[in-house]
Amino acid sequence: MYSPKALAFLIATCAPFSSAFSLWRRADAVIPISPRTGDTIVTNSNFDILWTSNGDRNVTISLQQGEPQNLTLAHVITPSTPNNGSYSWRSREDSYLRGLFKTDRPSSGCNYTMEFRTNGETFYSSFFAILNDDDGGITANMSCTIGKPKPNTESSPAAAAAAGSRAGYSTGALVGGIIGAAIGMALLLGLLFFVALKKDWIVTGKESRRRVEQRGMAGETGQFLPKQEVHEPNAAHIGGEPVYQMP
C-alpha cells in the first residue's frame, strides 16, 4: 500500500523524467514563413524567403510545383545556405527567376511551394503564385492549390548516419549515449526507491506482515496469555504429576 507521502514522492521523482522525454522530440528545424498563401512572385524581380530556424545545419531550398501528393521539382534556388532564417532570391543572380531563357523559367501558376531540406528532413511553405508576364499570366481557368504539403521529418538511417558523420560523431556513439543514459536513469530510480524504503515512504507487503507480527509479540495488539495448568481436585499426585485410577 502506498501512503500519500509515497505517492507524492513518486510524482516528484517521475516529473523530471517526463519533462526530459517531452523535450526529446525537438522542434522542427525549419518553419516556413514566406512565401505564404496569397503571395505572388513576379519574374524578373526579387523575393525574400523567410523561415524560423531551429537548427544549425545548412538548408537546401528548391521550388516545387503541383499537388501536395504529386510535386515536381521546378528549380533549385540554392543547394546550400546557412539555416539563419532568411535567403534573398535575386533575379540578377538567378537566370531562372529573371526569365532570361524560355526553356528555363517559371510558368505562371498558383500551385508552387518552397521546399526546405536540412539534416535529412523536408519542410514546405504554403502554396503561392508565380506570375510570368511573358506567358500571359494567371488565367481564370487555372487550378490553384491551397494549404501546404506535409513535412517529412523521418530521416532515413543513411541520412541520419551521414548527418552524424558531418557533426563529428557516429551512429554507434549515439546508440552508446542513449544506452548509457538509460542505465544511469535506471540506477537513479533504484537508488531513489531504496531511499524511499529506508525512510518508510513505501512499505512492502512482506514488511507489513513482519511489523504486525512484531507488534503482536510485543503485546501491542493484545496479551498472549500463558497456558493455565488444570488440576483435578481429588487426583493423587506422585512427584508432582497427577495419577488417575481406573474405576
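Please read all numbers here as calculations on a predicted model, not as lab measurements.
- Taking the side chain to side chain donor-acceptor pair (under 3.5 Å) definition, one finds that T52 meets it with nothing, sequence neighbours left out.
- Taking F127 as the reference, nothing meets the ring pair (Phe, Tyr, Trp, His ring centres under 6.0 Å) condition, with sequence neighbours excluded.
- Residues that satisfy the side chain to side chain contact (heavy atoms under 4.5 Å, CB included) test with I183, not counting sequence neighbours, are I179, L187.
- Checking N111, T72, N70, T113 one by one against Q65, the side chain to side chain donor-acceptor pair (under 3.5 Å) holds for a single residue, N111.
- When atom types are taken as modelled, the side chain of S88 and the backbone of R90 share no donor-acceptor pair closer than 3.5 angstrom.
- The salt bridge (charged side-chain N to carboxylate O under 4.0 Å, His left out) check on D39 picks up nothing, with sequence neighbours excluded.
- The side chain to side chain contact (heavy atoms under 4.5 Å, CB included) search around P106 returns T43, Y96, Y112, I130, not counting sequence neighbours.
- With sequence neighbours left out, N84 forms a side chain to side chain contact (heavy atoms under 4.5 Å, CB included) with W51, P82, S86.
- Annotation: ring pair (Phe, Tyr, Trp, His ring centres under 6.0 Å) contacts of F47 (sequence neighbours excluded): none.
- N44 pairs by the side chain to side chain donor-acceptor pair (under 3.5 Å) definition with nothing, not counting sequence neighbours.
- Note on residues 92-134: pairs passing disulfide bond (SG atoms under 2.5 Å apart), not counting sequence neighbours, are C110-C144.
- For T139, the side chain to side chain donor-acceptor pair (under 3.5 Å) partners two or more places apart in sequence, or in a different chain, are N141.
- Annotation: side chain to side chain donor-acceptor pair (under 3.5 Å) contacts of R105 (sequence neighbours excluded): D134.
- When the side chain to side chain contact (heavy atoms under 4.5 Å, CB included) test is applied to T60, the partners found at least two apart in sequence or on another chain are R117.
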